[in-house]
Engineer: 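Quick one: structure below, then a few questions.
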Amino acid sequence: VLTYTYLDRFRRPSAGAVRNYAVARFARIYPVFIVSLVLWFVYALTITRSLGDLLNSERFGPLNLLMNGLLLNLVPPATSINPPSWSVSLETIAYVFLPLLLIALTRVNSATWAFVSAGLLVVCGAVLMHRFNADTMNSVVYQTPWIRVGYALPAGCLLACGWRLL
C-alpha cells in the first residue's frame, strides 16, 4: 500500500515530499505508541508496587527508556518495555528505509523483473530464516526481524511495483 501510495512522489523527491512522508508516518504510530508505553508503565507499577524497584529494573532503566522512547526498542541492547511494541520498532525501521527503496524502485521498468526479483528475495529470505533456525513463531518474531525487513519489505515493494507496471 505504501509503495503504491508513495512511489510517484519519490520519482523526484523533494524536501517537502520527504517531510510530508515522515510526518504522516510519525503521526500514524508515535501517539498510540506513547499512550501504550504509559499504560504499560502504570500496569507494571501496580504489579511492582514500588517505583524505585520498577525504575531499577533492566526493563525500565534509563538507556532502555530512551531507546523505547525513540522507537529503537528492537535494536540491541534495548528490550521492549511493552512486549508487543517490538513490531512498532520494526515498522519505524521500515519507514526509515522505505524512501530509499522507493527511489531505487522508480528505476524499475519491467513487471517481469520486479516479480522475479521479489520471488528471489523471498527464497533468499526463507533460506536465511531457516539458517537462523527461525522454525517457531517466537524466533520469527523476536529473533529474526532484521532479516524480515531485509527481504519482506523489498519483496512487497517489488510486487507492488510490478503490479503497477502490468
Side-chain angles (χ1 to χ4, degrees), residues 1-10 13-105 118 121-122 125 128-129 132-161 163:
V1 171
L2 290 173
T3 301
Y4 197 83
T5 301
Y6 286 103
L7 188 62
D8 287 334
R9 297 178 196 177
F10 282 89
S14 67
V18 173
R19 185 186 70 249
N20 290 344
Y21 166 83
V23 167
R25 299 297 94 211
F26 181 82
R28 181 197 172 304
I29 59 175
Y30 203 74
V32 173
F33 174 75
I34 289 299
V35 168
S36 73
L37 209 59
V38 168
L39 290 174
W40 190 260
F41 183 79
V42 170
Y43 168 74
L45 185 59
T46 60
I47 290 174
T48 306
R49 298 184 192 263
S50 165
L51 183 60
D53 289 344
L54 187 61
L55 293 177
N56 287 328
S57 69
E58 181 181 324
R59 181 171 277 183
F60 289 99
L63 178 62
N64 205 43
L65 283 173
L66 176 66
M67 291 183 77
N68 273 264
L70 295 173
L71 296 168
L72 297 173
N73 45 305
L74 194 59
V75 178
T79 57
S80 293
I81 291 172
N82 176 4
S85 71
W86 68 267
S87 63
V88 178
S89 181
L90 191 61
E91 186 175 354
T92 302
I93 292 162
Y95 287 161
V96 168
F97 289 110
L98 186 65
L100 301 172
L101 188 56
L102 291 175
I103 290 168
L105 289 175
L121 273 172
V122 169
L128 277 172
M129 297 285 276
F132 285 95
N133 297 319
D135 298 330
T136 66
M137 191 55 160
N138 184 53
S139 62
V140 167
V141 169
Y142 295 107
Q143 297 170 358
T144 58
W146 295 96
I147 295 172
R148 290 182 25 240
V149 167
Y151 84 87
L153 176 67
C157 291
L158 281 163
L159 290 173
C161 189
W163 180 257

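For clarity, every value in this text was computed on a predicted model and none was experimentally measured.
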Engineer: How many angstroms lie between OG1 in T92 and CG in L72, if you round to the nearest 0.5 Å?
Structural biologist: 8.0 Å

Engineer: Please identify each residue that fulfils ring pair (Phe, Tyr, Trp, His ring centres under 6.0 Å) with Y4, with sequence neighbours left out.
Structural biologist: none

Engineer: If you define the side chain from C-beta out and look only at heavy atoms, does anything of L128 sit under 4.5 Å from Y151?
Structural biologist: no

Engineer: Can you tell me how far CG of N20 sits from OG of S14, rounded to the nearest 0.5 angstrom?
Structural biologist: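 Going from the OG atom of S14 to the CG atom of N20 covers 7.5 Å.
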
Engineer: Looking only at heavy atoms, what is the nearest atom pair of A78 and N64, with distance?
Structural biologist: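 Nearest heavy atoms, A78 then N64: CA-OD1, 3.2 Å.
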
Engineer: Can you name the nearest heavy-atom pair linking L7 to C161, along with the distance?
Structural biologist: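 For L7 versus C161, the nearest heavy atoms are CD2-SG, 4.2 Å.
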
Engineer: Identify the heavy atoms of N68 and S85 that sit nearest to each other, and give their distance.
Structural biologist: OD1-OG, 4.4 Å

Engineer: Considering all heavy atoms of both residues, which atom of T3 and which atom of L105 are nearest to each other, and what is their separation?
Structural biologist: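 Of all heavy-atom pairs spanning T3 and L105, the closest is CG2-CD1, 4.4 Å.
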
Engineer: Would a distance-only check, ignoring hydrogens and angles, find a side-chain to backbone donor-acceptor pair under 3.5 Å from Y21 to Y95?
Structural biologist: yes

Engineer: With no hydrogens and no angle check, is any side-chain donor or acceptor of N73 less than 3.5 Å from a backbone partner on M67?
Structural biologist: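 No: the side chain of N73 does not pair with the backbone of M67.
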
Engineer: Evaluate side chain to side chain contact (heavy atoms under 4.5 Å, CB included) for N82 paired with V88, printing each intermediate quantity in order.
Structural biologist: CA-CA 10 Å; N82 176 4; V88 178; over 6 Å; no

Engineer: What is the ring orientation for Y30 with F26, classed by angle as parallel under 30°, tilted 30 to 60°, or perpendicular over 60°?
Structural biologist: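 Taking F26 first and then Y30, their aromatic rings lie parallel (interplane angle under 30°).
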
Engineer: Quick check: do V18 and F10 have side-chain heavy atoms less than 4.5 Å from each other?
Structural biologist: yes

Engineer: Any salt bridge (charged side-chain N to carboxylate O under 4.0 Å, His left out) involving residues 21-37? Give me the pairs, sequence neighbours left out, ordered by first then second residue.
Structural biologist: R28-E91

Engineer: Testing the basics here: between L74 and L90, what is the closest heavy-atom pair and its distance to 0.1 Å?
Structural biologist: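 Heavy atoms only, the tightest pair is CD2-CD1, 3.7 Å.
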
Engineer: Nearest heavy-atom pair of Y6 and A24: which atoms, and what distance?
Structural biologist: OH-CB, 3.8 Å

Engineer: Please report the interatomic distance CG(L71) to CZ(F33), rounded to the nearest 0.5 Å.
Structural biologist: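 It is 5.0 Å, given to the nearest 0.5 Å.
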
Engineer: Tell me which one of V122, L98, L121 satisfies side chain to side chain contact (heavy atoms under 4.5 Å, CB included) with P154.
Structural biologist: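 It is L121; the other options fail the test.
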
Engineer: CG of L153 to CG of L158: how many Å apart, nearest 0.5 Å?
Structural biologist: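 That separation rounds to 9.5 Å.
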
